[in-house]
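Residue numbers begin at 1 in each chain, while the letters A, B, ... track the order of the sequences.
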Number of protein chains: 2
Amino acid sequence: MKTLRADALRSRERIVRAAEAAFRRHGVDASLEAIAKDAGVGSATLHRHFRSRRELVEAVFQDSTGAVAAEASRLAAEHPPGPALFHWLQAVLDHTLANRGLATTLVPAADEHHGGFCGHDALEAAVAPLLVAAKGAGQVRADVTVGEVLSLVNAISLLADHDPGADPERLLGLAITGFGPRQCEQH
Amino acid sequence: MKTLRADALRSRERIVRAAEAAFRRHGVDASLEAIAKDAGVGSATLHRHFRSRRELVEAVFQDSTGAVAAEASRLAAEHPPGPALFHWLQAVLDHTLANRGLATTLVPAADEHHGGFCGHDALEAAVAPLLVAAKGAGQVRADVTVGEVLSLVNAISLLADHDPGADPERLLGLAITGFGPRQCEQH
DNA sequence: ACCTGAACACCGTTCAAGT
DNA sequence: ACCTGAACACCGTTCAAGT
């Protein structure tokens, strides 16, 4: 994490800005070569700044994903534990649905030392206190982990990317309440 | 659906066989050009037989997906309605997990008249009687559709393709029973 | 009717050469 | 140190020419 020379930093920011526009138009599978061209840099420059497509995606969505993470504490302050968690999961879903393909990067990083911002980790940290509170209020099963909750939201986002006819909000509702048998005898 | 001339049929079958091997090695994103070469045909021939990658994928998995669909009636005969449905959903999940990327094609066809076998439609038809029976036994909420049930299974498969660390069976269990609050007062 | 080989327009990665 | 432009090895699609 060295500090960049002025011209390198300028290049980096132009790449991120160009990528942001390209992702909005074509999803996160947009051509890296076209992004480099839009940014006015060579493609080799883009590859040195971002060793993988995922690193570029994380950089582009760092701010917006961070904002969603930050919303967790606001919701915790304004709602009871159960609704706070469920509203926040809705917010995460809305965020990924608004940016096609973003969900593919909100998964634990396979690459180990990929340095820089990791959206998945930010969301995990944000949901942890919400989940603890919801469990304390008896609104969520005690055996559910933060990773599992995020995975379900992510799974629904991925599906929505592939099937435009799906109703993601409805599916999230089903996953929360379950479509199968109730187990009322235990609480 | 005209009947093919003998040599055209032979080409088609060689393509499907080559694709089957390639998909097993590289997932459904395997190179179509390489598949054509393995099959000993020109790439133009592949494209006339299969107008899209999805058509080829459907052809390759037609038999195995059909077998999973057929298992529905067997499970219905051997288990009570609730377990029959849940075991079958597990079978669908196992099938997609065993073939990386297959889940991306088990989604309603966007292309309208794409002729031939459609795995999604086959699974929908297979799950319908299971779902009706499970609802009748009070094991599944009455407002859930076949499409929604399949969508949740599919969503989990897609996630597993992106996140090798996920536990798909566990996530399906969570989606069925729900991780959120029980609503015992209604039945 | 069905196929082939070649041409086309793309893509991501890498490397030598510049400043 | 950082960048550029070019070279490389790919990809899917399409079309003219064969049988």
Sole candidate of A:Leu102, A:Asn99, A:Asp29, A:Val60 that passes side-chain contact (heavy atoms from CB on, under 4.5 Å) when paired with A:Phe23: A:Val60
Interatomic distance, B:Glu33 CD vs C:dC10 P [rounded to whole Å]: 17 Å
Sugar-phosphate, base or nothing in reach of A:Ser31, heavy atoms under 4.0 Å: sugar-phosphate
Sugar-phosphate only, base, or nothing, as touched by A:Arg53 at under 4.0 Å among non-hydrogen atoms: sugar-phosphate
Residue B:Leu32, side-chain heavy atoms: nucleotide from C:dG12, D:dG12, C:dC2 that is nearest: D:dG12
For nucleotides 14-19 of chain D, tabulate all protein N/O to nucleotide N/O atom pairs closer than 3.5 Å, reporting atom names and distance.
none

Short N-O contact, B:Arg17 and B:Glu20, less than 4.0 angstrom: no
Pairs where residues 72-95 of chain A contributes a residue and the test ring-ring contact (aromatic ring centres under 6.0 Å, His included) is met, not counting sequence neighbours: A:His79-A:His87
Atom pair distance, as rounded to whole Å: CZ in B:Arg10 and P in C:dA1: 19 Å
Intra- and inter-strand pairs of DNA chain D in dot-bracket (Watson-Crick or G-U wobble, both distances under 3.5 Å; | for another strand): ||.|||||...|||||.||
Distance-only side-chain donor-acceptor flag, B:Arg141 / A:Thr177, under 3.5 Å: yes
Salt bridge flag under 4.0 Å for residues B:Glu33 and B:Lys37: no
Lys/Arg N to Asp/Glu carboxylate O, A:Arg170 vs B:Asp143, below 4.0 Å: yes
Steps toward side chain to side chain contact (heavy atoms under 4.5 Å, CB included) verdict (A:Glu148, B:Leu171): CA-CA 7 Å; A:Glu148 287 163 354; B:Leu171 293 177; 4.2 Å; yes
